[in-house]
2 protein chains.
Amino acid sequence: MNAPRTARERARAELTAEILAAARRQLGEVGAVGLSLRSVARELGMASSAVYRYFASRDDLLTALLVESYNEIGEAAERADDPDAAPERRWLAVWRGVRGWALANRHEYALLFGTPVPGYAAPHLTAEAAGRMPLTLARIVADAKRAGTLAPPPGPACDPAAVTPEMLVILQDMAFDVEETARLVLAWNRLVAILGYELHGHLVNITADDAAFFDYTARTEGAFNGLAFD
Amino acid sequence: MNAPRTARERARAELTAEILAAARRQLGEVGAVGLSLRSVARELGMASSAVYRYFASRDDLLTALLVESYNEIGEAAERADDPDAAPERRWLAVWRGVRGWALANRHEYALLFGTPVPGYAAPHLTAEAAGRMPLTLARIVADAKRAGTLAPPPGPACDPAAVTPEMLVILQDMAFDVEETARLVLAWNRLVAILGYELHGHLVNITADDAAFFDYTARTEGAFNGLAFD
DNA sequence: CGAATGCAAGAGCGGTGCTCTCGTTTCGGT
DNA sequence: ACCGAAACGAGAGCACCGCTCTTGCATTCG
């Protein structure tokens with residue numbers, strides 16, 4: 001990420017940003033499958049072939065939007081977190097913060113957590129951005145554990161072989177054991193899943209007050225992770 | 001679903017089935033976004049325009065595959081269920097049955113529970129087929145409740161206004177209250193979500209033994225729904 | 001100043017969903 | 001037995017897509 005020196009480099013950086021912005025706008029309107037490189041080019045008044053100077057393929061453009069969205073949802077989670085509050089309040093606040101972003105950016109949310117494009121595997125660079133949201137949840141539980149307010153593990157035991165050693169290493173400075181790690185994975189999965197259900201219409205005619213049901217889900221999952229809900 | 005009388009009607013029914021079968025085959029190979037009406041027509045040796053006599057649009061064809069897949073996953077759940085076994089065994093068996101179908105039909109699974117096509121809303125006819133799998137889970141809990149082996153509700157309370165009255169009516173002959181209904185919705189959501197994570201690669205480098213982690217998830221969710229796991 | 005590079009534009013390829021027309025076949029009622 | 005209506009298959013065509021290649025112009029660098 002060096003600063004552009006020449007005028008050409010500056011222009012290139014600006015145009016790249018413009019393309020990305022236009023693509024993001026169109027993504028928000030027509031979704032990922034409807035996003036067309038040609039229409040992005042049209043919006044910017046350039047030939048479609050010119051866009052390929054900046055993004056090698058449509059998938060590359062989508063990957064850039066993917067990273068951007070991962071960072072946004074991670075930032076939404078981090079911004080909603082007040083490290084000085086009680087763990088239960090923090091937990092609910094972060095869940096609500098993520099929901100707020102998801103409701104305001106449903107196409108981006110679908111891009112992040114929906115059906116992956118068949119021939120497409122998310123490049124490794126997305127890993128760090130993708131981790132910000134789950135890590136925010138993990139920090140809350142870690143703080144509660146450090147403060148000694150974490151309840152004993154409820155529910156059945158988890159096979160220690162089910163979770164990778166890498167995962168335990170990543171979370172090692174938070175001193176999580178296998179059980180706590182597995183429950184955190186499930187909490188992260190739950191947050192993503194319940195929002196997917198709400199956004200994709202799977203809860204129509206099932207839940208009446210989506211916000212209330214979401215809060216219920218958040219409290220449930222927080223209690224499952226040892227936080228003092230109820 | 002009347003029996004075909006004339007030769008024309010018989011031919012029409014057969015061709016419709018052939019188109020559907022070819023489409024299903026291609027869906028399994030290239031996924032929903034890669035499924036092209038033209039290539040289906042090519043496979044059957046007919047003009048692409050002829051297919052439109054049988055399916056008004058690509059979305060219509062996809063809807064037919066959607067209903068077919070919903071019924072298959074529902075049948076997989078029902079077939080895995082042995083009503084004479086203990087509720088805990090039934091619960092785990094159904095979860096595993098659904099996982100088996102999902103692993104063997106990942107593109108169909110993605111079609112059912114992945115990102116919905118932007119302009120597309122699932123027609124109402126899919127509702128009955130879509131309900132078979134969740135209802136199988138509900139029956140197990142209902143039987144356990146009837147047998148008096150259901151544990152008291154764990155976790156935080158649910159706002160009674162969160163769940164629709166319709167939902168309670170549907171499950172009324174099982175005599176579920178709001179809490180039990182909400183937990184069942186979450187169990188159904190969990191089953192779909194954890195399989196989505198496994199199939200879409202969100203658990204790579206996180207879980208080591210996917211089957212073991214899935215079983216852990218099933219037991220966890222079963223215990224949350226009052227079944228006697230652990 | 002000249003060479004090398006970056007760049008935008010256009011044409012073109014093969015693919016898509018979908019529509020319209022045209023000639024043929026089949027069916028139902030008289 | 002006939003005749004009109006309906007169903008049907010095939011083909012051409014429209015507008016769009018991702019992507020590539022070539023061409024000519026502008027900028028940068030030695």
Side-chain angles (χ1 to χ4, degrees), chain A residues 2-20 22-23 25-27 29-66 107 111 116-121, chain B residues 2-20 22-23 25-27 29-66 107 111 116-121:
Chain A
N2 295 330
R5 295 289 309 154
T6 74
R8 179 167 276 178
E9 281 174 356
R10 180 198 311 269
R12 179 175 184 84
E14 275 183 17
L15 233 182
T16 304
E18 273 184 49
I19 293 174
L20 211 57
R25 227 188 35 72
Q26 295 205 4
L27 172 65
E29 282 183 4
V30 297
V33 309
L35 197 163
S36 113
L37 215 145
R38 284 177 119 110
S39 73
V40 170
R42 264 196 303 272
E43 179 174 328
L44 299 182
M46 60 169 75
S48 66
S49 56
V51 180
Y52 283 85
R53 298 248 176 225
Y54 300 88
F55 293 93
S57 71
R58 184 179 174 277
D59 275 3
D60 265 35
L61 186 54
L62 237 46
T63 299
L65 294 175
L66 199 72
H107 285 126
L111 177 64
V117 183
Y120 174 79
Chain B
N2 293 333
R5 297 287 309 155
T6 75
R8 199 198 277 277
E9 282 174 355
R10 180 198 311 269
R12 179 176 183 84
E14 276 183 15
L15 232 182
T16 303
E18 274 185 48
I19 293 173
L20 211 56
R25 228 188 35 71
Q26 295 204 4
L27 171 66
E29 283 183 2
V30 297
V33 310
L35 196 163
S36 114
L37 213 145
R38 284 177 116 111
S39 73
V40 170
R42 264 196 303 272
E43 179 174 328
L44 299 182
M46 61 168 78
S48 67
S49 56
V51 180
Y52 283 85
R53 299 257 181 223
Y54 300 86
F55 293 93
S57 70
R58 184 179 174 277
D59 275 2
D60 266 34
L61 186 54
L62 239 45
T63 299
L65 294 174
L66 199 72
H107 284 127
L111 176 63
V117 183
Y120 174 79

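Every heavy atom of this structure was used, including side-chain atoms; hydrogens, water molecules and symmetry mates were not. Just so it is clear, the structure is predicted and the values come from calculations on it, not from any experiment.
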Below the 4.0 Å mark, does D:dA7 have OP1 or OP2 next to a side-chain nitrogen or oxygen of B:Y54? no

May I ask you to say what A:L44 touches in the nucleic acid, namely base, sugar-phosphate or nothing, with a heavy-atom cut-off under 4.0 Å? nothing

Quick one: on DNA chain C, does B:S48 or A:M46 contact a more 5' nucleotide (nearest heavy atom)? A:M46

Value for OH (A:Y54) from CG (A:D60), rounded to nearest 0.5 Å, stands at 15.0 Å

Atom-pair distance (CG on B:L62; P on C:dT16), nearest Å: 15 Å

Could you check whether the side chain of A:S49 and the base of C:dA8 have a donor-acceptor pair of N or O atoms closer than 3.5 Å, going by distance alone? no

Does B:L15 reach a base, just sugar-phosphate, or nothing at all? Heavy atoms under 4.0 Å. sugar-phosphate

Is any side-chain heavy atom of B:E14 less than 4.5 Å from a side-chain heavy atom of B:R10? yes

Atom-to-atom span, CD of B:E43 to P of C:dT16 - whole angstrom: 13 Å

State which of D:dG9, C:dA8, C:dC7 makes the closest approach to the side chain of A:R12. C:dC7

Quick check on DNA chain D: between A:R42 and A:A56, whose nearest nucleotide comes earlier from the 5' end? A:R42

Between CZ of B:R10 and P of D:dC8 the distance, given in whole Å, is 15 Å

Do the non-hydrogen side-chain atoms of A:I19 and A:L15 ever get within less than 4.5 Å of each other? yes

Side chain of A:S36 - closest among D:dG9, C:dC7, D:dG18: D:dG18

Could you state the CD-P distance from A:Q26 to D:dC16, rounded to the nearest angstrom? 13 Å

Give the C-alpha distance, both sets of side-chain angles, the deciding distance and a yes or no for side-chain contact (heavy atoms from CB on, under 4.5 Å) between B:V51 and B:L44. CA-CA 10 Å; B:V51 180; B:L44 299 182; over 6 Å; no

In whole angstroms, how far is the P atom of C:dG28 from the CZ atom of B:R8? 9 Å

What is the separation between atom CZ on A:F55 and atom C1' on D:dG18, rounded to the nearest whole Å? 16 Å

Nearest-0.5 Å distance, CD of residue B:E9 to OG1 of residue B:T16: 11.0 Å

Would the base of C:dG17 count as contacting B:R38 through its side chain, where contact means a donor and an acceptor less than 3.5 Å apart? yes

Given C:dG17, D:dC17, D:dG11, the nucleotide with the shortest approach to the side chain of B:A47: D:dG11

B:R58 has its side chain closest, among D:dG9, C:dC18, D:dC19, to C:dC18

Is there a side-chain contact (heavy atoms from CB on, under 4.5 Å) between B:E29 and B:H107? Walk through the geometry before answering. CA-CA 8 Å; B:E29 283 183 2; B:H107 284 127; over 6 Å; no

Tell me what B:S57 touches on the nucleic acid: a base, only sugar-phosphate, or nothing, going by heavy atoms under 4.0 Å. sugar-phosphate

Roughly how many Å is it from CG in B:D60 to C1' in C:dT19, rounded to a whole number? 16 Å

Interatomic distance where CG belongs to B:L35 and P belongs to C:dT16 [whole Å]: 11 Å

Among C:dC18, C:dA8, D:dG9, the one nearest any side-chain atom of B:R53 is D:dG9

Could you work out which one of C:dG17, D:dG18, D:dG9 sits closest to the side chain of B:L37? C:dG17

Among C:dC18, D:dC8, D:dC17, find the nucleotide with the atom closest to the side chain of A:S39. D:dC17

